[in-house]
Chemist: 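Mind having a look at this structure? Questions to follow.
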There are 2 protein chains.
Amino acid sequence: MFSIGRLSAATGVKVPTIRYYEQIGLLPEPERTGGNQRLYTRKMQERLAFIRHARDLGFPLEAIRELLSLSDQPGESCHTADEIAIRQLAEVEARIARLAALRDELRRMLDHCASHTIAECRVIEVLGNHALCAHDDHSVPKGAGPA
Amino acid sequence: MFSIGRLSAATGVKVPTIRYYEQIGLLPEPERTGGNQRLYTRKMQERLAFIRHARDLGFPLEAIRELLSLSDQPGESCHTADEIAIRQLAEVEARIARLAALRDELRRMLDHCASHTIAECRVIEVLGNHALCAHDDHSVPKGAGPA
DNA sequence: CTAGATGCTCTAGCGACCAGAGCTTCAAGA
DNA sequence: TCTTGAAGCTCTGGTCGCTAGAGCATCTAG
């Protein structure tokens with residue numbers, strides 16, 4: 001039985017975050033001391049470590065809530081847990097692809113900038129005119145008004 | 001001179017977002033019709049396209065604010081603009097690296113799961129015990145209490 | 001016994017918007 | 001010209017996952 005501060009130190013989850021998890025029902029309400037301070041058990045620490053790890057993996061809290069309730073039912077099929085993880089993997093892969101495209105565009109932008117004045121700055125120019133890079137065009141072609 | 005709806009359609013930025021940008025001072029207050037509706041110019045459209053593109057590239061609004069004020073001073077050196085872009089590139093690369101690590105771990109997790117019951121589900125197990133993957137350990141080693 | 005670290009609750013804020021209520025204005029067709 | 005329905009207006013509150021601070025109470029080590 002230990003305090004919220006020790007739980008925080010042990011799991012790497014900040015104190016207000018632990019209270020926040022309790023508030024949104026991700027952690028059960030712990031026992032209290034006579035002076036109303038929270039007291040945690042090893043079991044609670046495990047649960048929080050679980051949450052922490054899932055957060056590190058980018059799972060949203062709602063997915064974690066579901067994973068937790070699954071892990072409380074050891075007899076059930078883990079099909080649902082797999083599905084959640086697969087969804088998360090797809091999500092992560094999509095984000096990577098998107099970020100890689102951004103990285104390439106940023107690199108191109110910087111490669112072409114000769115670092116002179118703003119008037120001829122490639123960075124500003126590319127930002128102002130989407131047509132200069134390889135995407136959907138939301139820029140303003142001369143002479144053409146809005147639809 | 002056209003309405004907020006047309007501006008939205010032309011730039012792909014949603015109407016409430018345009019009003020939000022105005023509210024936080026990223027876009028100047030436009031003229032109004034007699035009936036108090038916003039009227040935009042081609043110049044405003046260009047400015048919004050600039051913002052939109054920078055957002056697509058993941059720049060935070062504060063960085064965009066700075067880039068906009070730079071682009072309003074064509075005589076100045078573009079050194080600052082470059083710096084912002086370089087910072088953003090580093091940021092993006094860091095995020096990619098982090099996500100790639102997550103992706104690998106998620107894949108490992110899923111590879112090893114035989115899809116039986118929760119009790120033997122690799123997904124749940126790995127989430128519960130950080131020691132099973134290759135990171136800093138915040139899990140609960142048996143017998144060891146919190147610090 | 002006391003000082004200072006830690007705990008408590010509550011409220012508000014972050015970024016970057018989105019949604020809805022309840023109203024007004026505009027634009028196109030009859 | 002009138003009407004109707006889309007689009008506009010302001011304002012408030014919600015999203016996600018926390019984080020920070022105010023203003024107290026309690027615990028713990030010396």
Side-chain angles (χ1 to χ4, degrees), chain A residues 1-27 29-40 44 48 50-68 87-88 91-92 95 98 102 145-147, chain B residues 1-27 29-40 44 48 50-68 84 87-88 91-92 95 98 102 146-147:
Chain A
M1 296 294 252
F2 40 91
S3 72
I4 196 169
R6 297 206 180 275
L7 179 63
S8 169
T11 57
V13 179
K14 291 186 183 158
V15 169
T17 305
I18 296 172
R19 290 198 277 247
Y20 169 73
Y21 287 164
E22 180 185 327
Q23 192 195 312
I24 64 169
L26 214 56
L27 283 176
E29 296 187 12
E31 289 184 62
R32 304 275 184 143
T33 66
N36 200 34
Q37 304 198 350
R38 290 170 178 81
L39 277 182
Y40 293 94
M44 282 287 254
L48 184 55
F50 184 106
I51 296 171
R52 160 82 205 248
H53 192 189
R55 285 295 301 136
D56 282 349
L57 286 169
F59 287 90
L61 291 182
E62 276 322 296
I64 294 172
R65 198 188 293 276
E66 206 174 342
L67 287 168
L68 277 169
R87 227 187 303 138
Q88 176 62 15
E91 182 62 37
V92 166
R95 270 195 273 169
R98 180 165 163 68
L102 300 189
Chain B
M1 298 292 253
F2 41 90
S3 73
I4 198 169
R6 296 204 181 276
L7 178 64
S8 170
T11 57
V13 179
K14 291 189 183 156
V15 169
T17 304
I18 296 172
R19 291 198 277 246
Y20 169 72
Y21 287 163
E22 179 185 328
Q23 193 195 312
I24 64 169
L26 214 57
L27 284 176
E29 295 187 14
E31 289 184 61
R32 302 275 183 144
T33 65
N36 200 34
Q37 302 198 351
R38 290 170 178 81
L39 276 182
Y40 293 94
M44 282 286 255
L48 184 55
F50 184 106
I51 296 170
R52 160 81 206 247
H53 192 189
R55 284 296 300 135
D56 282 350
L57 285 169
F59 287 92
L61 290 183
E62 277 320 296
I64 295 173
R65 199 189 290 277
E66 203 174 343
L67 287 168
L68 277 169
I84 294 171
R87 227 187 304 137
Q88 177 62 15
E91 181 63 36
V92 167
R95 269 195 274 167
R98 180 165 165 67
L102 299 190

Chemist: Taking only the side-chain nitrogens and oxygens of A/Thr33, find out if one of them lies under 4.0 Å from OP1 or OP2 of D/dC27.
Modeler: yes
Chemist: May I ask you to verify if any side-chain N or O of B/Lys14 is less than 4.0 angstrom from the OP1 or OP2 atom of C/dC18?
Modeler: yes
Chemist: Using whole Å, report how far CG of B/Leu27 lies from C1' of C/dC17.
Modeler: 14 Å
Chemist: Inspect the surroundings of CZ in B/Arg55 and state if more than 12 heavy atoms from other residues, nucleotides or ligands are less than 6.0 Å away.
Modeler: yes
Chemist: Heavy atoms under 4.0 Å, any strand shown: does A/Tyr21 hit a base, just sugar-phosphate, or nothing?
Modeler: sugar-phosphate
Chemist: When rounded to the nearest 0.5 angstrom, what distance separates CG in A/Leu48 from CD1 in A/Ile18?
Modeler: 5.0 Å
Chemist: The side chain of A/Thr17 is closest to which nucleotide in this list: D/dC18, D/dT26, C/dC17?
Modeler: D/dC18
Chemist: Relative to the 5' end of DNA chain D, which residue comes earlier, A/Tyr20 or A/Gln37, by the nucleotide with the nearest heavy atom?
Modeler: A/Tyr20
Chemist: Once you round it to whole Å, what is the distance between P of C/dT6 and CG of A/Leu39?
Modeler: 17 Å
Chemist: C/dG15 P sits how many Å from B/Leu26 CG, rounded?
Modeler: 12 Å
Chemist: Any chance you could measure B/Leu102, atom CG, to A/Asp56, atom CG, to the nearest 0.5 Å?
Modeler: 8.0 Å
Chemist: Please determine, for the side chain of B/Pro60, which listed nucleotide (C/dT9, D/dT19, C/dA16) has the closest atom?
Modeler: C/dA16
Chemist: Roughly how many Å is it from CZ in A/Arg38 to C1' in D/dC27, rounded to a whole number?
Modeler: 15 Å
Chemist: Look at atom CZ of B/Arg95 and say whether more than 12 heavy atoms of other residues, nucleotides or ligands are closer to it than 6.0 Å.
Modeler: yes
Chemist: Is any side-chain N of the basic residue among A/Glu22 and A/Arg19 closer than 4.0 Å to the acidic one's carboxylate O?
Modeler: no
Chemist: Separation of A/Arg32 atom CZ from C/dC8 atom C1', in whole Å?
Modeler: 8 Å
Chemist: Expressed in angstrom and rounded to an integer, what is the separation of B/Phe59 atom CZ from C/dC17 atom C1'?
Modeler: 20 Å
Chemist: Under 4.0 angstrom, heavy atoms only, what part of the nucleic acid is A/Ile4 near: base, sugar-phosphate, or nothing?
Modeler: sugar-phosphate
Chemist: A/Arg52 CZ to D/dG17 C1': how many Å, rounded?
Modeler: 14 Å
Chemist: Taking the nucleotide of DNA chain D with the nearest heavy atom to each, does B/Val15 or B/Gln23 sit closer to the 5' end?
Modeler: B/Val15
Chemist: A/Glu31 has an atom CD; how far is it from atom P of C/dG7, in whole Å?
Modeler: 17 Å
Chemist: Using the closest heavy atom to pick a nucleotide of DNA chain C for each, name whichever of B/Gly35 or B/Arg55 lands nearer the 5' end.
Modeler: B/Arg55
Chemist: Select base, sugar-phosphate, or nothing to describe what A/Arg19 touches, counting heavy atoms under 4.0 Å on all strands.
Modeler: base
Chemist: Considering only side-chain heavy atoms of B/Leu61, which listed nucleotide, D/dC9, C/dC17, D/dC27, is closest?
Modeler: C/dC17
